[in-house]
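Quick note on labels: first sequence line is chain A, next is B, and so on, each numbered from 1. Because the structure is predicted, anything quoted here is derived from the model rather than measured.
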Protein chains: 2
Amino acid sequence: MLREPLGEEAAAELSRMFKALSDPVRLRLLSLIASHEGGEACVCDLTGPFDVSQPTISHHLKVLREAGLVGSERRGTWVYYWVLPEALAKLSALLQIPAVPAKAPA
Amino acid sequence: MLREPLGEEAAAELSRMFKALSDPVRLRLLSLIASHEGGEACVCDLTGPFDVSQPTISHHLKVLREAGLVGSERRGTWVYYWVLPEALAKLSALLQIPAVPAKAPA
DNA sequence: CGACTGTATTGACGGATATCGAAACACCTT
DNA sequence: AAGGTGTTTCGATATCCGTCAATACAGTCG
C-alpha cells in the first residue's frame with residue numbers, strides 16, 4: 001500500500017490506529033492480550049504487570065478499543081478483552097514494503 | 001511477535017516508531033516518499049501537497065528520521081529522503097497475527 | 001437489600017506535541 | 001564575494017496526552 005500516496009482521509013484513519021500503538025503501556029497491553037491463553041484476558045490479568053494505576057489501565061484499554069484494535073465484553077464480574085485481527089492485519093499490510101525498493105542498498 | 005508479552009524496553013522502542021506514524025501528515029509524507037519515482041524524494045517534492053508550512057514539513061521529516069523510518073542526504077541544493085525498509089518490515093512483522101487466533105470468529 | 005469486588009468515568013495537573021513566523025544555515029550562480 | 005533559493009533551527013503558543021486520586025457504576029454474595 002506504500003506504492004501510492006495515501007489520501008487525506010485514509011491517512012487520518014490509519015494515524016488514529018497508529019496513535020493507539022504509540023504508547024509503550026498500550027503496546028504491552030496488546031501483546032499481553034494477544035498472547036494470553038484463550039486469546040483473551042480480563043482486566044484483572046492486565047493490571048498486575050504495570051506500575052500505573054488501575055484507572056490508567058482502563059483508560060488505555062478504552063483507547064485501544066476506540067481505535068478498533070481490540071474488542072471487549074463483560075461476562076459476569078469480569079470484563080474480557082481480545083485482539084481484533086483484521087485491524088492489525090490492515091496495519092501490517094500497509095507497512096509491507098514493495099518487493100523491489102527503488103534505491104538499491106549500497 | 002504478538003505470541004509473547006513484549007518487554008518494557010522493546011515496547012518503548014517500538015512505541016517510538018509507532019508514534020512517528022501516528023500523525024496523518026507524517027503517514028502521507030512516508031507514502032509520498034515510498035511511492036515517489038526512484039524511491040526517494042526531495043523536500044521540494046513534499047511541501048506542495050500539504051496545507052502546512054514548509055518548516056512544519058521539515059519538522060515532521062525530522063521526526064520520521066529520528067524514529068529510524070527514513071534516511072536523508074543532501075545532494076547539492078536539495079535534501080533527499082528515502083524509506084528504510086528494515087524498520088517498516090520490523091513493525092509489519094510485529095503486527096502479524098498468529099495463524100490461529102485463540103478466539104474463533106463468531 | 002446491603003456490603004463487597006471489579007471496572008469505568010471524572011476532573012485536574014504536568015509534560016509533550018503540532019504549528020507558525022522569523023531567522024539561520026547550506027549550497028549554487030553569477 | 002554577493003545574492004538567491006532550498007532547508008533547518010529557534011522561540012512562542014495552543015492543544016493534546018498520560019497519569020493519578022476520587023468517585024461512580026456493575027455484578028455477586030451474604
Side-chain angles (χ1 to χ4, degrees), chain A residues 6 8 11-33 36 38 40-82, chain B residues 6 8-9 11-30 32-33 36 38 40-82:
Chain A
L6 244 43
E8 290 191 40
E13 182 190 345
L14 290 165
S15 68
R16 258 178 265 123
M17 295 191 185
F18 282 122
K19 184 171 297 182
L21 298 175
S22 71
D23 181 278
V25 174
R26 286 196 291 267
L27 268 186
R28 291 176 63 203
L29 278 173
L30 195 69
S31 87
L32 271 177
I33 295 169
H36 198 269
E40 59 181 22
C42 85
V43 179
C44 59
D45 294 323
L46 301 173
T47 49
F50 297 93
D51 289 336
V52 302
S53 67
Q54 179 270 323
T56 297
I57 295 294
S58 186
H59 163 71
H60 284 307
L61 288 171
K62 182 179 184 179
V63 172
L64 288 172
R65 182 161 25 89
E66 292 184 339
L69 298 176
V70 303
S72 72
E73 181 187 12
R74 172 162 229 134
R75 287 203 288 277
T77 301
W78 296 283
V79 176
Y80 291 85
Y81 283 80
W82 58 87
Chain B
L6 243 43
E8 290 192 40
E9 312 157 28
E13 182 190 344
L14 291 164
S15 69
R16 259 178 266 123
M17 294 191 186
F18 282 123
K19 185 172 296 182
L21 297 175
S22 72
D23 181 279
V25 172
R26 286 197 290 268
L27 266 186
R28 291 176 62 202
L29 278 173
L30 195 71
L32 271 176
I33 294 170
H36 198 268
E40 59 180 23
C42 84
V43 179
C44 59
D45 295 322
L46 301 173
T47 50
F50 297 93
D51 289 337
V52 301
S53 69
Q54 184 272 326
T56 297
I57 295 295
S58 185
H59 162 72
H60 284 307
L61 288 171
K62 183 180 183 180
V63 172
L64 288 172
R65 182 161 25 89
E66 292 183 339
L69 298 176
V70 304
S72 72
E73 182 187 12
R74 171 162 228 133
R75 287 204 288 276
T77 301
W78 297 284
V79 177
Y80 291 85
Y81 282 80
W82 58 87

With respect to the side chain of A:V43, which nucleotide from C:dT7, C:dA18, C:dA26 is positioned closest?
C:dT7
Which residues pass the salt bridge (Lys or Arg N to Asp or Glu O under 4.0 Å) test with A:E66, sequence neighbours left out?
none
Starting from P on C:dC28, measure out to CH2 on B:W78 and report it in whole angstrom.
9 Å
Pairwise distance CG(B:L64) to NZ(B:K62) - rounded to 0.5 angstrom:
12.5 Å
What is the distance from CZ of A:R74 to C1' of C:dT5, rounded to the nearest Å?
10 Å
At under 4.0 Å, does any side-chain N or O of B:R26 touch on OP1 or OP2 of C:dA18?
yes
Residue B:V79, side-chain heavy atoms: nucleotide from C:dC20, D:dT8, C:dG6 that is nearest
D:dT8
When rounded to the nearest 0.5 Å, the distance separating CD of B:E9 from CG of B:L14 is 11.5 Å
Side-chain heavy atoms of A:F50 within contact of A:L29, under 4.5 Å:
yes
Rounded distance in Å - CG (B:D23) to P (D:dC16):
13 Å
In whole angstrom, what separates B:E66's CD from C:dA16's C1'?
14 Å
Which of D:dC17, C:dT19, D:dC20 is nearest the side chain of B:V52? It is C:dT19
Phosphate OP1/OP2 of D:dC17: any A:K19 side-chain N/O under 4.0 Å:
yes
Search all heavy atoms of A:V70 against all heavy atoms of A:Y81 and return the closest pair with its distance.
CG2-CD2, 3.9 Å
When the distance from CG of A:D45 to C1' of C:dT5 is rounded to whole Å, what number comes out?
15 Å
Is the shortest heavy-atom distance from the side chain of A:L46 to the side chain of A:H36 under 4.5 Å?
no
Between D:dC20 atom C1' and A:F50 atom CZ, what is the distance in whole Å?
17 Å
Please report, rounded to the nearest Å, how far the C1' atom of C:dA18 is from the CG atom of B:L27.
15 Å
Contacting residues from residues 54-64 of chain A, given that a heavy atom lies under 4.0 angstrom of DNA chain C:
A:Q54, A:P55, A:S58, A:K62
Please report, rounded to the nearest Å, how far the C1' atom of D:dG6 is from the CG atom of B:L46.
13 Å
With no hydrogens and no angle check, is any side-chain donor or acceptor of B:R65 less than 3.5 Å from a backbone partner on B:A67?
no
Is A:Y81 touching bases, backbone alone, or none of the nucleic acid, heavy atoms closer than 4.0 Å?
sugar-phosphate
